[in-house]
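Remember, predicted model here, so these are calculated numbers, not experimental data. Computation of the quantities below employed the complete heavy-atom set of this structure, encompassing side-chain atoms and omitting hydrogens, waters and symmetry-equivalent molecules. A, B, ... follow the sequence lines: proteins, then strands. Residue 1 opens every chain.
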Amino acid sequence: MSDQKREKIILIDGHSILNRAFYGLPLLSDSEGLHTNAVLGFLNIMFRVLDEEKAQYLAVAFDLHAPTFRHKMYDAYKGTRSPMPGELREQVPVMKDVLRAMNVPLMSLEGFEADDLIGTVSLAMEQKGLDVRIISGDRDLLQLASDTTMVRIPKTKKEGREVENYYAEDVKAKYLVTPSEFVDVKALMGDASDNIPGIPGVGEKTATKIIAEFHSIQNAYDHLDEIKPNKARLSLQDHWEMAQLSYRLALIDRHAPFALPLEQARLGEDNSSLYTKEAMDLLKRLELRQMVRRFADHMQTGPSALPARQAESSANPFEEQRADTDDTEPSGQISLPEESRHDGMDGFREQVYPSGEGSRTADEKSESSKKADEGAKNFRLIEDAAEAEAFLERAVKEEKIGLYVLEEDSRLLGAAVAAGAETVLLLPVTRKQLAILSSGSCLISGINLKEQLSFLDGGDSFPKEQQSRYFDCAIGAYLLNPLAGTYVYDGISSVYTGRLVETREELLGKKSLLNLAGLAEENLALMMSGSAGEKRTAKKQDGPADRESARQALTRFSCLNARTALAAMQPIRDSLEKEDMLRLFTDIEMPLMFTLYHMQQEGILVRGDELRRFGHSLSGRIDELEKAIWEQAGQQFNINSPKQLGTVLFEDMKLPGGKKTKTGYSTSADVLENLAQDVPIVRLILEYRQLTKLKSTYADGLVQYIAEDGRIHGRFNQTVTATGRISSTDPNLQNIPVRTELGAQLRKVFVPKDGSIFVDADYSQIELRVLASASDDQNLIDAYNSAEDIHAITASKVFHVPLDEVTPQLRRNAKAVNFGIVYGISSFGLSQGLSITAAEAQSYINQYFETYPGIKSFLDGCIQSAKTRGYSVTMFGRRRPVPELKEKNFMRRKFGERVAMNAPIQGTAADIIKIAMVGVDRRLREEGLKSRLVLQVHDELLVETEISEKDQVETILREEMEGAARLRVRLEIDMKSGESWFEAH
DNA sequence: CCAGTCACG
DNA sequence: ACGTACGTGACTGGT
């Protein structure tokens, strides 16, 4: 750090990056059929790194002979090298030409691989005092990492690009061995794709363990008798020569007879030496327009034309409102009523946005490689109760802490706390001890807090004054990128703190936390005393050493959770603020977390006996149907197998039906229904399907979830959907049947407890109302304000018939069009839904847009805005990235357009009901009622209501739901009460 | 572990 | 010239 003027060199592993680029991008070719995708990908990666690193030197290494090409995933499977595909092979010389034209030195040497040259040059550069960046897709190069040499591995992920960055300590953090030891590990475990044999019976885990302990193969061999897994010891003994050979193969030669003439590698000021006319011409010939544009920018306007990502984020429709509404005060209040309802709407109304790249991109997130977590050395375990309490007492006096409650199956095992520079795991810990935290006033940051709250609940169920003390990084990360999929500590750590850490699986494997916590004996004792049945021997008692390492891993895992939560809080908050989602987070999502927690705790009462009876009643009919189907088919087969069913119907019975899916015949309900309504077997199959579904998923399926208290405590997930909706799992309570007779019967087993009834309220066409309001289409708004039957009015206007002459058929069609609009209209989709031709569907759509012109321009605006910004936005600022809009593939781009139309509508509706839920939950509690919110089904809320509180509950539901947002049309609800969910809905 | 199917909004 | 409606989760069979 003292040397401000350290220079930096970037060394690229040419074939490896070209390979990555090739498989990371769809095939692409110029008009003469020459493929160019790998060249483009390579240049993209190279320029991204150059922009980030601001280096002074650049060189690229290639193997001299590349007769085969490694494709590791494939090779790992096949055990050999696969030949390089022609489409890639032809790009190698092109790539070299492009690089030459850019004055980039190409390094290669007879008898040496690119690895060796990079190893040699990087060593020489280190010794010269240069910082080194090695860019490769190959993990073997991690052995070259040091304090000044960073190995960067670009990864191609579903969403965007990421780079894994490794200094020596990052290698250590992630792989538990030093870079030089990494060679030994690799030698022991082998690598089929590199033809490194390794030692039989030794995989990654054992290899790591041995080297972590003995530091080298040689030393391990010298201490053979100390090697723990018996199998590994014998194997190493038997295959000593193989081990040595493997080591030589795995080791990169850092002393090849090669020297890079450094001046040839020098990049001009701001990389200007790269932007030559020759290169530009070549890129034009290759028709790589994106690159040509980049070159043009640089050659004309000079280096300052670099994309300035930071500047773009100010292109934000909320900018104006922020001045008066964004007071950053984490008021635990849901203060949406006046100001922000207003500002939300204005933001939504705006349809044409200034251009900008949009949300933070993958490389922005991952560009930085910070030091391997310095806190790691401070991770420790406290087992003593008094010491644990003392620690908690200290921690709670901090301004903020990171917390991770270690639990499994609703059992409290321990808790990790990050406070100041310290992070400890308290194991075991009691609820009473944890109460020290909840009674304090420090900020508590966690990851996935909802699942940990039950252990922090001091008995007051988190009143809203308390709620603002909590910060959930997972929820914040979800808002920032709802497509990420998972929000666990390792991902959050790398994205928001720049620290790469081991994953849960790497630390703990697949073992249960309970066993790792070493509480297994207790547990076993309980089980034995509880059930006097078979004698179970303790599951292979772990030796003390194993047990010790298990505890260490558990400590590290728990502490990483807590430390990441603490470290990521501010970056996440900053990002949320920057992206104008802080209020969404503070006023809607965080309060909602508590509401969902309450709902999960509450559960819903189910009549288990009735449910079982229902299941049995289905069995009889299912058996009958099965027999009848087999009889008609003339053979016995598994009706549940689409494959077998397809064969029977379309081959054996020769029913007309084309292939529809990739794997064979489609036997889905719509195919079957169209196919042959008059063929008896089809009706039987459809009924069979319905009944087996009902039985396996709903009757038998739900019974499994009934808890001791007779209730089902499902989970409501807050970080799953792309649009902002809540999802429901274990079990899914948002798809309980309702549309059929039997479905209705099923809903009768969901009942209120004694002395209560259900009050059920659902929004009337919330999405269409959102659309009316957002589009500001006067005709649709008038339609809503004047009358009740929106579909009939639409039919009347669209089909030009008087309102009282609208037939049910016409109304149905209009309703389908309304749905189609919300889904992101397409003539083909609509034609499917209505079983009409695409042309007819198109004319419906045209007439619809003529009737409601504001909708057309709104939807176009949605697409346009999502295209320029990269994401769509809801009324309350929630974002959904729509990367599909940039794709070349027509179909996927069209999909992107439908998403861009649907997401703001579905998402705004989701925002609104979330606001309502928080309001309902809070008022039920604050007004001292016993009634509780128990379910949410997207536009519906179900409250288990004390009979005496019915009127009050109905008032609350109506006020909170209808008042959740102020739209240009009324938000109406339908409300009913009853003795079961069926009756109330 | 994925594809197909079907339950809901 | 492309061949789908938007968003979910659970269960089954088959690789």
Item to check | A/R880 CZ - C/dT8 C1' separation (whole Å) | outcome: 12 Å
Next on the checklist: Using a 4.0 Å heavy-atom cut-off, does A/V822 contact any base of the nucleic acid, only the sugar-phosphate backbone, or nothing at all?
Outcome noted: nothing
Next on the checklist: Under 4.0 Å, counting only non-hydrogen atoms across every strand here, what does A/A910 touch: a base, just sugar-phosphate, or nothing?
Outcome noted: nothing
Next on the checklist: Within the structure provided, determine whether A/R769 and A/E767 are in side-chain contact (heavy-atom separation under 4.5 Å).
Outcome noted: no
Item to check | Pair listing, salt bridge (Lys or Arg N to Asp or Glu O under 4.0 Å) test, anchored in residues 639-650 of chain A, at least two apart | outcome: none
Checklist entry - Can you list every pair that meets salt bridge (Lys or Arg N to Asp or Glu O under 4.0 Å) and has a residue in residues 683-693 of chain A, with sequence neighbours left out? => result A/R621-A/E687
Checklist entry - In the 5'-to-3' direction, what one-character label does each nucleotide of nucleotides 10-15 of chain C receive under the scheme B = base within less than 4.0 Å of a protein heavy atom, S = sugar-phosphate only, - = no such atom? => result BSSSSS
Next on the checklist: Just to be sure I understand the rule, does A/I736 reach a base, reach only the sugar-phosphate, or reach nothing, if contact means heavy atoms closer than 4.0 Å?
Outcome noted: sugar-phosphate
Checklist outcome for this item: In the 5' to 3' direction, the nucleotides of DNA chain B bounding the stretch that comes under 4.0 Å of a heavy atom in chain A are B/dA3 to B/dG9
Checklist entry - What integer distance in Å separates A/I836:CD1 from C/dA5:C1'? => result 13 Å
Checklist entry - How long is the line joining CZ of A/F895 and P of C/dA1, in whole Å? => result 25 Å
Item to check | Distance below 4.0 Å between A/R898 side-chain N/O and C/dG7 OP1 or OP2 | outcome: no
Item to check | Side chain proximity check, A/V606 to A/Y705, heavy atoms < 4.5 angstrom | outcome: no
Item to check | Non-hydrogen atoms of A/A814 and A/H791 that approach each other most closely | outcome: CB-O, 3.4 Å
Next on the checklist: With a 3.5 Å limit on both atom pairs, tell me what C/dT12 is paired to, counting Watson-Crick and G-U wobble, or say none.
Outcome noted: B/dA3
Checklist entry - Just checking A/G820: base, sugar-phosphate only, or nothing, at a heavy-atom cut-off of under 4.0 Å? => result base
Checklist entry - What is the minimum heavy-atom distance between A/P482 and A/R879, and which atoms define it? => result CG-O, 3.4 Å
Item to check | Min side-chain heavy-atom separation A/D700-A/F614 under 4.5 Å | outcome: no
Checklist entry - In whole Å, what is the span from the CG atom of A/N717 to the P atom of C/dG9? => result 7 Å
Checklist entry - For the residue pair A/Y848 and A/Y852, is the inter-centroid distance of their aromatic rings smaller than 6.0 Å? => result yes
Checklist entry - With a cut-off of under 6.0 Å to the ring centre and 45° to the axis, is A/K856 in cation-pi contact with A/F849? => result yes
Next on the checklist: Expressed as a whole number of angstroms, how long is the span from A/I913:CD1 to C/dG7:C1'?
Outcome noted: 14 Å
Item to check | Touch class at under 4.0 angstrom, heavy-atom based, for A/A838 against every strand present | outcome: nothing
Checklist entry - Say you pick atom P in C/dG3 and the same atom in B/dC8; how far apart are they, in whole Å? => result 30 Å
Next on the checklist: Can you tell me if A/S727 touches the phosphate of C/dG9, counting only side-chain N or O atoms and a distance under 4.0 Å to OP1 or OP2?
Outcome noted: yes
Checklist entry - Between A/V770 and A/V969, is any pair of side-chain heavy atoms under 4.5 Å apart? => result no
Next on the checklist: Among residues 666-674 of chain A, which ones have heavy-atom contacts with DNA chain B below 4.0 Å?
Outcome noted: A/S666, A/T667, A/S668, A/A669
Next on the checklist: Considering every strand and a 4.0 Å limit on heavy-atom distances, what is the contact class for A/R739: base, sugar-phosphate, or nothing?
Outcome noted: base
Checklist entry - For A/Q832, which contact category applies under a 4.0 Å heavy-atom criterion: base, sugar-phosphate, or nothing? => result nothing
Next on the checklist: Measure CG/A/N902 against C1'/C/dT8 and give the value in whole Å, please.
Outcome noted: 12 Å
Next on the checklist: Distance check needed: C/dC6 P versus A/Q765 CD, whole Å only.
Outcome noted: 21 Å
Item to check | Selection residues 726-748 of chain A - residue pairs positive for salt bridge (Lys or Arg N to Asp or Glu O under 4.0 Å), sequence neighbours left out | outcome: A/R715-A/D730
Item to check | Euclidean distance, atom CD1 of residue A/I905 to atom C1' of C/dA5 [Å, nearest integer] | outcome: 13 Å
Checklist entry - With ring centroids as reference points, do A/F799 and A/Y844 lie under 6.0 angstrom apart? => result yes
Item to check | Spacing of the P atoms in C/dT4 and B/dA3 (rounded, Å) | outcome: 16 Å
Checklist entry - Can you find a side-chain donor-acceptor pair between A/H985 and A/E940 that sits under 3.5 Å? => result yes
